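Beneath this line is the structure, given in structure tokens, with notes to follow.
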2 protein chains.
Amino acid sequence: MTVTLADVAARARVSPATVSRVLNGNYPVAAATRERVLRAVDDLDYVLNGQASALAAATSDLVGILVNDIADPFFGIMAGAAQSEIGGPGDGSGRAGGEKLAVVCNTGGSPDRELTYLTLLQRQRAAAVVLTGGAVEDPAYQTAMAAKLARLADAGTRVVLCGRPPLPDGAAVVAALAFDNQGGGRMLTKHLLSLGHRRIGYVAGPLERTTTRHRLEGHREAMRGSGLCGDEDRLTVHGSYDRRSGYDATVELLRREPEITAVVAANDTVALGAAAAIRDRGLRIPEDISVAGFDDLPFSVDVVPALTTVRLPLFEAGARAGRLAMGKENPPPGGIALVPAELMVRGSTAAPRG
Amino acid sequence: MTVTLADVAARARVSPATVSRVLNGNYPVAAATRERVLRAVDDLDYVLNGQASALAAATSDLVGILVNDIADPFFGIMAGAAQSEIGGPGDGSGRAGGEKLAVVCNTGGSPDRELTYLTLLQRQRAAAVVLTGGAVEDPAYQTAMAAKLARLADAGTRVVLCGRPPLPDGAAVVAALAFDNQGGGRMLTKHLLSLGHRRIGYVAGPLERTTTRHRLEGHREAMRGSGLCGDEDRLTVHGSYDRRSGYDATVELLRREPEITAVVAANDTVALGAAAAIRDRGLRIPEDISVAGFDDLPFSVDVVPALTTVRLPLFEAGARAGRLAMGKENPPPGGIALVPAELMVRGSTAAPRG
DNA sequence: CTGTTAGCGCGTTCAT
DNA sequence: ATGAACGCGCTAACAG
């Protein structure tokens, strides 16, 4: 039923080894024989058995890309960029040569699922793994993750972190590309302060994630730099990284302190929810309240007014992570690179009234 | 270096066969021995070799989900839903039991890459494959795709189509869940007609995709139903499914016919671009021009004014496709189901002036 | 340049 | 309930 390499060999009247050599192209084969073999392959609709091949050669062509939320363009952009560097262009024949199989795994932000996916990829002896997005700061999880990554690296899997801080205990990874979330947060709040804002609400992400903490720390640094503090906890509401959460948190923020003149959101999606809450309250943006986001996702320029935000080079970082995973690019010094953020000032922020 | 099942067996003082039985749990093993084996597994940090196991058992735990654009929530939502049905919840141990490895492959909308991915998945002897999104209508591609899917099905891979019309030549697939793009398009344009619009511009997607054609056909049906025709080609501009394309096409539409009172876009993302073009021209939405989209992506309710659009149950369809792929749900009669669309009337459409 | 031989790590018969 | 032996389909030496 299923056609094997031996069948091809028989039909081409050569040995299995020769067929293997033709298919892998890593060895000299006479043009005539190669022709015969390829014809037999086509005649028989033969497709290499990946597992047998991987088992024998002790290598795999699978590369995993882990994301927290596949429906969020933040991850989609990084994953797509990484995949395009890994997958190769394809030769148009649909026959597939030595390409890697770059696959995206959706963890849903759950540490358990993340660990499970890593085990599954370890089972497949994945050639490389790219982890995207912020990490959870639970100690037990950190330990488990560090151990698992060490074992993966150990087994020859190249591990790359993209948009995630380096592991606490040092490397064990090929490279870590960390976003400058703290610097971005600082920049953004400084911008608001320079416009004259003093009462600034902050809609933060989930408490336990590094991304949340770093962005919030940048914000508070800027606030303290202007001598503003004390109200920090009252003017901060935590939620998840989605629109609904942004809406609810903003409602709560306005209840706690109706006099705020600006709302900084954990990311652009959350900012969308914040803006909706503000409008539903009958307030105008930016005349009554300024709103700012983070990430600069594609839609941010399209909302009205366009969103002031911090741009993260998601595509570039994803692509670089992909190249790093493939060994097509040298790791940064120390295996760690801080990817810079850029302030994008648009219409959603302005000087406060009066 | 790498620890194998034999190592575990040696440490647990049992035969390799027993270890295998414990791990797969498909066979009676004495509780005491099982304990010993599991302890040895933990002690040695043993992880099953997926390829060896797959090779021996002639089964694979890989399930592929193909998407056109991973950065587009349209696909992300479907893929995430499918993956959640396939991957299993994980048991929290990170140890991974009999889970399938659900992976997402990004084709970038390229037929070649799509075919290449299918070959790669075929190589891995994937347990199932879910194809999402509209198909390209090129005959050569259709033939190649049908042949490839037939071969996959033949090799035991369960093939499910999600948001894609059934193959021309009949099944060979477990199930095809097709969106009612035509009905949705008709509904939407009827809504505009009922508001009093007569000169309606259409920003269509890429010419060769089924999704584009079906939505456009629905639109034209509605137009003809109101006795409106003739201007069809002049009032239709094709582009890709992205914001930029929506912007450019709308500029062109307004150049060709400044008197249009409504613009229907191929999808929500394109509608965003259309709206930007209209605003940049100094026109108001919906007072001067109404705008409508398709899909009802999460952001559509957040733009201002909120977007009138056609809701597709992306999550539900993706989840169902996942269950179908796993054999957890029975296929619809004939293997084909038409997934209904729902009109969502919001602020971006209103009666034309005058 | 090509054929022969020997595993890769595991599941699965058979025995026992 | 457990162990021994074979083979899954392929690649990697080693000859020739």
Side-chain angles (χ1 to χ4, degrees), chain A residues 1-38 40-41 44-62 96-98 122-127 155-156, chain B residues 1-38 40-41 44-62 96-98 120 122-126 155-156:
Chain A
M1 186 60 224
T2 155
V3 30
T4 76
L5 188 143
D7 299 332
V8 176
R11 187 174 231 274
R13 327 257 240 100
V14 296
S15 76
T18 301
V19 177
S20 173
R21 296 196 261 251
V22 169
L23 261 29
N24 294 306
N26 303 329
Y27 223 79
V29 172
T33 350
R34 139 175 288 116
E35 257 331 297
R36 267 213 325 284
V37 170
L38 287 179
V41 166
L44 266 41
D45 272 335
Y46 170 70
V47 175
L48 193 72
N49 182 320
Q51 17 247 31
S53 149
L55 180 58
T59 61
S60 159
D61 56 357
L62 198 72
Q122 189 180 0
R123 282 236 256 266
Q124 303 299 325
R125 305 296 188 255
Chain B
M1 186 62 225
T2 156
V3 31
T4 76
L5 188 143
D7 300 331
V8 176
R11 186 173 232 274
R13 326 255 242 103
V14 296
S15 76
T18 302
V19 178
S20 172
R21 295 197 261 252
V22 170
L23 261 29
N24 293 306
N26 303 329
Y27 222 79
V29 172
T33 5
R34 139 176 288 113
E35 258 329 299
R36 267 213 327 282
V37 169
L38 287 180
V41 166
L44 266 41
D45 274 334
Y46 170 70
V47 175
L48 193 74
N49 183 320
Q51 15 248 33
S53 144
L55 180 58
T59 62
S60 160
D61 56 356
L62 199 70
L120 253 16
Q122 190 179 359
R123 280 233 258 266
Q124 303 298 326
R125 305 299 189 255

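In what follows, chains carry the letters A, B, and so on, assigned in the order in which the sequence lines appear, proteins first and then strands, with residues in each chain numbered from 1. Worth saying up front: this structure is predicted, and the values here are computed from it rather than measured.
Residues Val29(A) and Val37(A) form no side-chain contact, since every pair of their non-hydrogen atoms from C-beta on lies 4.5 Å or further apart. Leu38(A) is listed as a side-chain neighbour of Val22(A), based on a closest heavy-atom distance under 4.5 Å. Arg125(A) places a side-chain heavy atom less than 4.5 Å from the side chain of Val47(B). Side-chain contact between Val3(A) and Asp45(A) is absent, with no heavy-atom pair separated by less than 4.5 Å. By the 4.5 Å heavy-atom criterion applied to side chains, Leu55(B) and Asn49(A) are counted as neighbours. Side-chain contact between Arg11(A) and Val8(A): absent, with no pair of heavy atoms (C-beta onward) separated by less than 4.5 Å. When side chains are defined from C-beta on, Pro16(A) does not count as touching Val19(A), because their heavy atoms never get closer than 4.5 Å.
Nucleic acid contact for Val19(B): none, since no nucleic acid atom lies under 4.0 Å from a heavy atom of the residue. Base engagement by Ala17(B) is indicated by at least one non-hydrogen atom pair under 4.0 Å involving a base atom. As judged by a 4.0 angstrom heavy-atom cut-off over every strand, Leu5(B) is placed among residues touching the sugar-phosphate backbone only.
Remark: the backbone N or O of Ala12(A) is paired with a side-chain donor or acceptor of Arg36(A) at under 3.5 angstrom.
Nucleotide dG7(D) holds its C1' atom 16 Å from the CD atom of Gln51(A), rounded to whole Å. With rounding to whole Å, Asn24(A) atom CG is found 11 Å from dA12(D) atom C1'. Between Leu55(B) atom CG and dC6(D) atom P there is a gap of 18 Å when expressed in whole angstrom units.
For Ala56(B) and Arg34(B), each mapped to the nucleotide of DNA chain D holding its nearest heavy atom, the one lying further toward the 5' end belongs to Arg34(B). Between Ala6(B) and Arg13(A), it is Arg13(A) whose nearest contact on DNA chain C lies nearer the 5' terminus.
The phosphate of dA1(D) (OP1 or OP2) has no side-chain N or O of Thr18(B) nearer than 4.0 angstrom. Using a 4.0 Å cut-off, no side-chain N or O of Asn49(A) falls inside it from OP1 or OP2 of dC8(D). Applying the 4.0 Å criterion to OP1 and OP2 of dG3(D), one finds that Ser15(B) has a side-chain N or O inside that range.
Protein chain A touches strand DNA chain C; the 5'-most and 3'-most nucleotides with an atom under 4.0 angstrom of its non-hydrogen atoms are dC1(C) to dG9(C).
Annotation: the terminal axes of the helix from dC1(C)-dG16(D) to dT16(C)-dA1(D) meet at 30°, where each axis is the rotation carrying the C1' atoms of four end pairs onto the next four (5 pairs per end, rounded to 10°).
A distance of 8.0 Å separates OG1 in Thr2(A) from CG in Asp7(A), rounded to the nearest 0.5 Å.
Distance from the side chain of Arg21(A) is smallest to dC14(D) among dG3(D), dC14(D), dA1(D).
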